[in-house]
J.: 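Dropping a structure here in structure tokens format, bear with me for questions.
In what follows, every heavy atom counts, from backbone to side chain, and hydrogens, waters and symmetry copies are set aside. Keep in mind that what you see is a predicted model, and the values were worked out from it rather than measured. Numbers restart at 1 for each chain; the letters A, B, ... are given by sequence-line order, proteins then strands.
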Number of protein chains: 2
Amino acid sequence: MPMAPALITGEFRRLLDDRFRISLPQELEEKLAVESGQCMLIKERVGCLGLWNAQMWQAKLEADVELVKSKLAAGKLHEKIGELQLLGRLLSTRDASVTLDDRRRLLVPDGFRQFLGVEPGSEVMVVGAGVSIEIWNPRAWLAYVRKRMPKFRKLLNHLSR
Amino acid sequence: MPMAPALITGEFRRLLDDRFRISLPQELEEKLAVESGQCMLIKERVGCLGLWNAQMWQAKLEADVELVKSKLAAGKLHEKIGELQLLGRLLSTRDASVTLDDRRRLLVPDGFRQFLGVEPGSEVMVVGAGVSIEIWNPRAWLAYVRKRMPKFRKLLNHLSR
DNA sequence: CGAATTGTGGGATGGACGCCCACTAAAAAA
DNA sequence: TTTTTTAGTGGGCGTCCATCCCACAATTCG
């Protein structure tokens with residue numbers, strides 16, 4: 001029987017140190033299954049960064065690109081050249097390969113700091129997102145939970161249907 | 001053979017100590033049937049936490065994940081991953097895996113303290129909720145009972161019909 | 001070339017938590 | 001009633017780890 005990888009969950013409060021580092025909870029980090037600390041950092045949405053297992057991110061990315069290609073082949077993107085350009089640009093700044101140090105600390109790279117919208121010395125939330133780890137601006141996290149939690153039951157029912 | 005679990009009932013007054021621990025009544029705790037003290041703590045509603053048998057919850061969740069994985073294999077990749085992420089985020093802030101100590105004490109984790117809305121040294125109510133144990137803010141419990149008790153007779157009739 | 005900035009590593013410290021024992025009050029037994 | 005047992009609560013101690021702080025290297029800038 002195929003082993004399902006553990007669902008990554010958990011909510012932790014962390015401090016961004018003066019060097020823009022975040023020490024990840026080992027409970028979450030070990031579930032990413034990254035040997036050598038190599039992973040992918042993604043701009044998920046304003047106020048939220050995603051940290052992925054490199055292989056898994058690659059797979060997801062290829063699936064996305066494959067979809068775009070198939071649509072292209074079907075001629076559905078002819079009037080959307082501009083959007084394709086935009087997609088290309090976004091892909092360029094969207095992710096960065098990062099390495100965790102021996103204490104499971106993540107150094108948030110330059111462009112990602114403003115995107116997260118936090119100052120050195122302030123708090124962030126570290127949250128398990130099923131298949132990835134996410135770093136949240138606390139205010140964005142609060143707003144997100146408020147908005148999405150009401151639909152939790154529905155989502156669970158939907159997925160277990 | 002599957003044993004019908006005993007209905008968990010009972011109402012107890014307990015102290016939240018200065019380390020945010022609550023000692024559970026053994027009468028309730030033993031009905032959860034947790035060896036090794038592993039269980040799942042849930043934010044049920046503001047002022048109320050639920051404590052569940054971990055295996056029960058795990059089994060349901062694993063089934064969900066397994067189902068999602070099979071759907072993934074069938075091709076609908078990205079939007080399902082998106083839903084999986086969403087589910088993971090909501091689970092992260094809603095649930096926490098906890099371990100009872102040798103005296104059947106529950107350590108209330110950080111995010112759950114504010115949600116319960118009680119100070120260290122104050123009282124909480126520990127209530128059997130049929131299949132789970134609930135920790136209540138006393139004021140929330142009082143308000144809940146006031147509101148729901150009038151319908152008790154009707155509910156009993158309905159369930160025993 | 002020197003100074004400031006930034007990435008990287010690691011020692012030191014304090015706080016949180018798990019483990020375990022002590023005290024007390026209440027219940028049960030004698 | 002007195003004695004014994006049991007359960008709730010408090011807290012000491014050791015460990016782990018998040019954070020603070022410093023050292024050093026690499027890079028950039030004046």
J.: Using atom CG of A:Asp102 as one end and atom P of D:dC16 as the other, report the distance to the nearest whole Å.
T.: 17 Å

J.: Using atom CZ of B:Phe12 as one end and atom P of C:dA27 as the other, report the distance to the nearest whole Å.
T.: 13 Å

J.: Given atom CG of A:Leu106 and atom P of C:dG7, what is their separation to the nearest angstrom?
T.: 12 Å

J.: If only side-chain N and O atoms count, and only distance matters, is there a donor-acceptor pair under 3.5 Å linking A:Glu11 with B:Ser92?
T.: no

J.: Quick check: closest heavy atoms across B:Leu107 and B:Arg19, and the distance to 0.1 Å?
T.: CD1-O, 3.1 Å

J.: Return the value, rounded to whole Å, for the distance between atom CG of A:Leu100 and atom C1' of C:dG7.
T.: 14 Å

J.: Is there a side-chain contact between B:Ser97 and B:Met40 (heavy atoms, below 4.5 Å)?
T.: yes

J.: For residues 108-115 of chain A, run the donor-acceptor check on the side chains, cut-off 3.5 Å, and write out each pair with its distance to 0.1 Å, sequence neighbours left out.
T.:
{"from": "A:Arg113", "atom 1": "NE", "to": "A:Val108", "atom 2": "O", "distance (Å)": "2.8"}
{"from": "A:Arg113", "atom 1": "NH2", "to": "A:Val108", "atom 2": "O", "distance (Å)": "3.1"}

J.: Under 4.5 Å between any side-chain heavy atoms of A:Leu106 and A:Val98, yes or no?
T.: yes

J.: Quick check on DNA chain C: between A:Thr99 and B:Asp101, whose nearest nucleotide comes earlier from the 5' end?
T.: A:Thr99

J.: What integer distance in Å separates A:Phe20:CZ from C:dT5:P?
T.: 13 Å

J.: Reading nucleotides 18-30 of chain D from the 5' end, what letters show protein touch, with B for base, S for backbone sugar-phosphate only, - for no heavy atom under 4.0 Å?
T.: SBSB---------

J.: Let me know the distance between CG of A:Leu107 and C1' of C:dG9, rounded to the nearest Å.
T.: 13 Å

J.: Quick test of your reading of the model: are A:Arg13 and A:Glu123 salt-bridged, counting only N-O distances below 4.0 Å?
T.: yes

